[in-house]
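In this text the structure is predicted, and so the values were computed from the model without any measurement.
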Amino acid sequence: MIIMNEKNKKIIEALKNGLILSCQVKKSDPLYFPEVIEKLVLCGEWGDACGYRINTPENISKIRKITDKPIIGLWKINSETEDVFITPTMKEVDEIVKAGADILAVDATDRMNSNGKKAYEIITEIRKKYPEHLILADVRNAEEAKHALELGAHMAAPTLYRFGDNPKSTDSPDFEELAKMVQVCEGLGLIIMEGKISTPEEAIQSLYLGAHAVVVGSAITRPHLTTLRFTSMMNKYKRKIPLKY
């Protein structure tokens, strides 16, 4: 069992049963403008979000100045040749720590990163260098979640479920896998639900199944993807939301 300091205990308590708003807008998004992330977080403040999931050191630093709620920080390094893109190395970890993230989100799958290491190995490196920081392991399934928590992550989320070999769906939540993660990881750490949650009812279902908190992103903060979700179904899935969006 990992013993946490008082600050981290307060962070975890603040997230309990809450909605973590994921504010990740690309510069190529139709809605993009320089202050968009700050405006989305202010919407979250108005709407009682319990915390935020923020991409890039630049944005984390901006958001740290306007909220004292927990920030899950990450840095996506998108590449056509690399599978691991969520905070893949300690270089990215160092920068999101400097920017003020409370929780460090990393790919903790068994895929290889750009340094030729298994992605989950970064957990041990973080524990050595930043023992006071909370770690969120983004994984694909219950087995990877259990392994990540055993290595020292404090929480895990099925963020990358759609990158598995045979995902049930790439555009709807996998509640069955969430339930399995909660059962397999009992006593090891917390499970955060993330992945295509699009309605309050799905968020409540996640809490019922044992999630400590629920991350909602695109359904709230990226209306072009919400539009595509509607039109995709209405047009018999002739166009789908891409895996990396």
Residue pairs passing the ring pair (Phe, Tyr, Trp, His ring centres under 6.0 Å) test with at least one member in residues 103-129, sequence neighbours excluded, are Tyr120-His147
Name all residues meeting the ring pair (Phe, Tyr, Trp, His ring centres under 6.0 Å) criterion together with Phe85; count only those two or more places apart in sequence or in a different chain, and write none if there are none. Phe163
Would you say Asn113's side chain and Gly116's backbone share a donor-acceptor pair under 3.5 angstrom? yes
Would you check if there is a donor-acceptor pair between the side chains of Glu202 and Ser198 at a distance under 3.5 Å? yes
Taking atom types as modelled, find out whether Glu177 and Asn141 have a side-chain donor-acceptor pair closer than 3.5 angstrom. no
Side chain of Asn8, backbone of Glu132: donor and acceptor closer than 3.5 Å? yes
If two hydrophobic side chains count as joined below 4.5 Å and joins carry through other members, does Ile72 share a cluster with Val84? no
Which pairs pass salt bridge (Lys or Arg N to Asp or Glu O under 4.0 Å) with one or both residues in residues 30-48, sequence neighbours excluded? Glu45-Lys69
Heavy atoms from other residues, nucleotides or ligands near CZ of Phe230 exceed 12 (cutoff 6.0 Å): no
Please name all residues satisfying side-chain hydrogen bond (donor to acceptor under 3.5 Å, both in side chains) with Lys7, sequence neighbours left out, ordered by chain then number. none
Judged by atom type as modelled, is there a donor-acceptor pair below 3.5 Å linking the side chain of Asn59 to the main-chain atoms of Asn55? yes
Do Glu121 and Lys118 sit within salt-bridge range, that is, some charged N less than 4.0 Å from a carboxylate O? no
Electrostatic pair Lys146-Glu150, nearest N-O below 4.0 angstrom: yes
Going through the distances and angles, do Ile135 and Ile123 end up as a side chain to side chain contact (heavy atoms under 4.5 Å, CB included)? CA-CA 8 Å; Ile135 302 171; Ile123 295 172; 4.3 Å; yes
Quickly, which of Leu21, Leu74, Ile71, Val216 forms a side chain to side chain contact (heavy atoms under 4.5 Å, CB included) with Arg53? Name it, please. Leu74
Does Lys9 pair with Glu6 as a salt bridge, N-O distance under 4.0 Å? yes
Is there a side-chain contact between Val106 and Asp138, using heavy atoms and a 4.5 Å cut-off? no
Asp29 side chain to Tyr32 main-chain N or O, any donor-acceptor pair under 3.5 Å? no
Can you confirm whether Met155 sits close enough to Ile12 that some side-chain heavy atom of one is under 4.5 Å from a side-chain heavy atom of the other? yes
Tell me, please, which residues at least two apart from Arg111 pass side-chain hydrogen bond (donor to acceptor under 3.5 Å, both in side chains). Asp107, Thr109
Are Leu40 and Trp46 linked, directly or through other ILVMFWY residues, by side chains that come within less than 4.5 angstrom of each other? no
Around atom CE of Met112, are there more than 12 heavy atoms from other residues, nucleotides or ligands closer than 6.0 Å? yes
Could you verify whether a donor N or O on one side chain and an acceptor N or O on the other, from Glu58 and Thr56, lie under 3.5 Å apart? no
Does a side chain donor of either Glu92 or Thr89 reach within less than 3.5 Å of an acceptor in the other side chain? yes
What residues, two or more places apart in sequence or in another chain, satisfy side-chain hydrogen bond (donor to acceptor under 3.5 Å, both in side chains) together with Glu144? Arg140
